[in-house]
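Numbers restart at 1 for each chain; the letters A, B, ... are given by sequence-line order, proteins then strands. Note that these values count all heavy atoms, side chains included, but never hydrogens, waters or copies made by symmetry.
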Number of protein chains: 2
Amino acid sequence: MSEKKETREKQDTLFVGSLEKGMRVLSAFNEHHTALGLTDLANLTGLDKSAVQRLANTLHKTGYLHKDPESRRYSPALKFLELGNAYLWADPLVQLAMPKLIELGRKLGERVNVARLDGTEIVYIIRIPTQLTAFGAMVAGRRLSALTTSSGRALVSCLDPAARKEAVETWPVRVMTSKTTLDRSKIAQAVEEAAACGYGLTVSENIINEIGIAAPIPSERGRPVATVQCSVSAMRWTVDRVREEIAPHIIEVANSIHLPG
Amino acid sequence: MSEKKETREKQDTLFVGSLEKGMRVLSAFNEHHTALGLTDLANLTGLDKSAVQRLANTLHKTGYLHKDPESRRYSPALKFLELGNAYLWADPLVQLAMPKLIELGRKLGERVNVARLDGTEIVYIIRIPTQLTAFGAMVAGRRLSALTTSSGRALVSCLDPAARKEAVETWPVRVMTSKTTLDRSKIAQAVEEAAACGYGLTVSENIINEIGIAAPIPSERGRPVATVQCSVSAMRWTVDRVREEIAPHIIEVANSIHLPG
DNA sequence: TGCCATGTATCATTATATAATAAAAAATCC
DNA sequence: GGATTTTTTATTATATAATGATACATGGCA
């Protein structure tokens, strides 16, 4: 009874394992997994049958998971959305940027977004969906590999050379389309270009025929952590026109946002 | 040791108390509480110091709560938003309605929304923010008393007479502005009017000088549970013009949405 | 500077979650 | 359409893991 204490060394007494497991169950749900049975959950979370049963039941009883009486599968309830809402109120960047983004969306008549860098990925926190497109590009909270996005490239281009090199070489890339760039030297090139012109740019990386362009939002001190981004259809736009007609506007808006910290 | 088993009678063995407490901590964060210290959390959740300490620490370590090293206060992290995103993917209504709402937003040039009824409140699940307004009216996941909203009134007006009466008389009303209607007979009148004309309507109930109008989305079988809604400024619109120019459009869109179940 | 509120760390005690197992209910297959 | 597999639900003994009281540290504030 003294052999297996090396899983979690120090944080033991102020770490509630059951809660962590419960959160594992919660976050098993995402764009690919919208309704899950107990065995699905067990597989996805790595927890055993019994644990999943208790945790899912608890989340159901507390109103976080809807349980379909027919299929007996669980899916996210409205409380999920309220948690998202809580984030939006808590992030000062959202409040600052929202009015400017709405204005920008009206001016450009195209989809504009704000994205934050989180680790090696970017998360869209504001989306103004002026034009129709893939569902995933219209909802807040989506997470994409930074290196495949205009926002990610814009932000990586602001890192100091060493960090930039490491990011380009090691950050993971998830393939989204047949045009997703996997060649690290091409990514490096795109990042250098972003550094040169002050904005990141992608074509068809995440959605076919989508052109993305993003400008970093300056941070009072420290590196930028977010961007103002615009996505347009390559059916109606060319890269050159995007550079000429959209770039100046998103840069202007990005620079007009002064976020504390 | 046999006196206190009546708090939770049956669900005991498959109910994980720690998880429920952890969720209490999570949901302490909302539009009014964006950054909370341990004592704040203890007060809001009704848990004791130590419990909150352990739970908050766990949520911090698992990436759900950001902890400001300065103030040592916790606030929602990006994972909150990802949970919201998971909901949006899981709700078929969101996917069905999104393109139609974008189209409608473009046509009207005004803010359009989809709201769901949840208990005695409505929750906005899609928001197309075409025009500037209060921040709370631009983000998904917000929860308002059903009876003070055009969406809620539209949906209550679809209930059978007995349920309608009970809703109007007993559902709680949270005061949002100086114009929020507390008089139940006036609410009853508004609901009857909604029943008569097929859409709910509010003026300044939740935001001063805001006119709201909402049409129920029919359900295959059973009562409607959601609405297509539009909010406009009373500075630019009159109620009569809203009835004439907006009502037909939101009704048409609402009726074009066929959601299963 | 010294005080009070707030956050952090420790620990014995037992309640509480665990994982194994059995029973029931669906789904799947021939 | 009936038998077999898979998935879900329910039960229980056991010890782990959460508890809450307490003591300590820290920072804010007058």
Side-chain angles (χ1 to χ4, degrees), chain A residues 1-26 28-29 33-62 64-75, chain B residues 1-26 28-29 33-62 64-75:
Chain A
M1 62 190 80
S2 57
E3 288 299 300
K4 58 165 179 176
K5 61 183 168 192
E6 49 221 328
T7 26
R8 268 180 277 109
E9 281 288 328
K10 278 295 179 44
Q11 53 189 213
D12 235 7
T13 50
L14 14 66
F15 191 85
V16 181
S18 315
L19 176 54
E20 185 265 348
K21 286 173 196 146
M23 300 316 290
R24 286 242 283 284
V25 171
L26 270 195
F29 296 90
H33 301 113
T34 57
L36 297 168
L38 287 178
T39 28
D40 305 315
L41 281 170
N43 293 335
L44 284 168
T45 58
L47 302 168
D48 66 38
K49 265 160 121 71
S50 304
V52 164
Q53 180 188 183
R54 273 173 281 124
L55 297 166
N57 177 258
T58 304
L59 291 168
H60 172 53
K61 289 278 171 22
T62 51
Y64 284 90
L65 289 179
H66 171 74
K67 183 178 187 177
D68 181 39
E70 287 288 315
S71 66
R72 289 175 295 172
R73 299 204 295 175
Y74 296 90
S75 49
Chain B
M1 62 192 76
S2 56
E3 287 298 301
K4 55 165 181 177
K5 62 183 165 191
E6 49 221 330
T7 27
R8 267 179 279 113
E9 281 289 326
K10 277 295 176 44
Q11 55 189 212
D12 234 9
T13 50
L14 15 66
F15 191 86
V16 180
S18 316
L19 177 53
E20 185 266 348
K21 286 175 197 146
M23 299 316 290
R24 287 241 284 285
V25 172
L26 269 196
F29 295 90
H33 302 113
T34 56
L36 297 168
L38 288 177
T39 29
D40 304 316
L41 281 170
N43 293 334
L44 285 168
T45 58
L47 302 168
D48 67 36
K49 258 164 120 75
S50 305
V52 164
Q53 180 189 182
R54 270 173 283 125
L55 298 166
N57 178 257
T58 304
L59 292 168
H60 171 53
K61 288 276 169 28
T62 52
Y64 284 88
L65 289 178
H66 171 75
K67 184 177 186 179
D68 181 39
E70 288 286 314
S71 66
R72 287 175 292 172
R73 299 204 295 175
Y74 296 91
S75 48

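- The two residues A/A42 and A/K49 come nearest to each other via the heavy atoms CB-N, 4.5 Å.
- Taking only side-chain nitrogens and oxygens, B/K49 never comes nearer than 4.0 Å to OP1 or OP2 of D/dT19.
- Contact annotation: side chain of B/R54 to base of D/dG20, donor-acceptor pair present below 3.5 Å.
- Of all nucleotides listed (D/dA10, D/dA18, D/dG20), D/dG20 comes nearest to the side chain of B/A51.
- Contact of the B/L44 side chain with the B/F29 side chain is not registered, since no non-hydrogen atoms from C-beta on lie closer than 4.5 Å.
- B/K67 has a side-chain polar atom (N or O) that falls below the 4.0 Å cut-off from OP1 or OP2 of C/dT8.
- Distance alone, capped at 3.5 Å, places no donor-acceptor pair between the B/N57 side chain and the B/Q53 backbone.
- The side chain of A/S18 contributes an N or O atom lying less than 4.0 Å from OP1 or OP2 of D/dA18.
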*From CA spacing to verdict: side-chain contact (heavy atoms from CB on, under 4.5 Å), B/D40, B/H33*: CA-CA 9 Å; B/D40 304 316; B/H33 302 113; over 6 Å; no

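- As judged by a 4.0 angstrom heavy-atom cut-off over every strand, B/T39 is placed among residues touching the sugar-phosphate backbone only.
- Between the CG atom of A/N57 and the C1' atom of D/dA10 there is a distance of 11 Å, given to the nearest Å.
- Per the geometry, CG belonging to B/L47 stands 9 Å off P belonging to D/dG20, to the nearest Å.
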Please enumerate all protein N or O atoms sitting under 3.5 Å from an N or O of nucleotides 27-30 of chain D, with distances to 0.1 Å.
none

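- Per the geometry, CG belonging to A/L41 stands 13 Å off C1' belonging to D/dT7, to the nearest Å.
- Closest approach to the B/T13 side chain among C/dT8, D/dT9, D/dT11 is made by D/dT11 (side chain taken as heavy atoms from C-beta onward).
- When every heavy atom of B/V16 is checked against every heavy atom of A/S18, the shortest pair comes out as CG1-CB, 3.8 Å.
- Note: CG (A/L55) to P (D/dT8) measures 15 Å, nearest angstrom.
- Regarding A/Q53, its CD atom lies at a distance of 13 Å from the C1' atom of C/dA24, rounded to whole Å.
- To the nearest angstrom, P of C/dA5 lies 18 Å from CZ of B/R73.
- Taking atom OH of A/Y74 as the reference point, atom P of D/dT7 lies 15 Å away to the nearest angstrom.
- Minimum interatomic distance between A/D68 and A/S71 (heavy atoms only, all atoms of both residues): OD2-OG, 2.8 Å.
- Checked against D/dT9, C/dT18, C/dA9, the side chain of B/V16 finds its nearest nucleotide in C/dT18.
- A straight line from CG of B/L65 to P of C/dG7 spans 14 Å, rounded to a whole angstrom.
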*Determine, stepwise, if the pair A/L26 / B/M23 fulfils side-chain contact (heavy atoms from CB on, under 4.5 Å).*
CA-CA 11 Å; A/L26 270 195; B/M23 299 316 290; 3.5 Å; yes

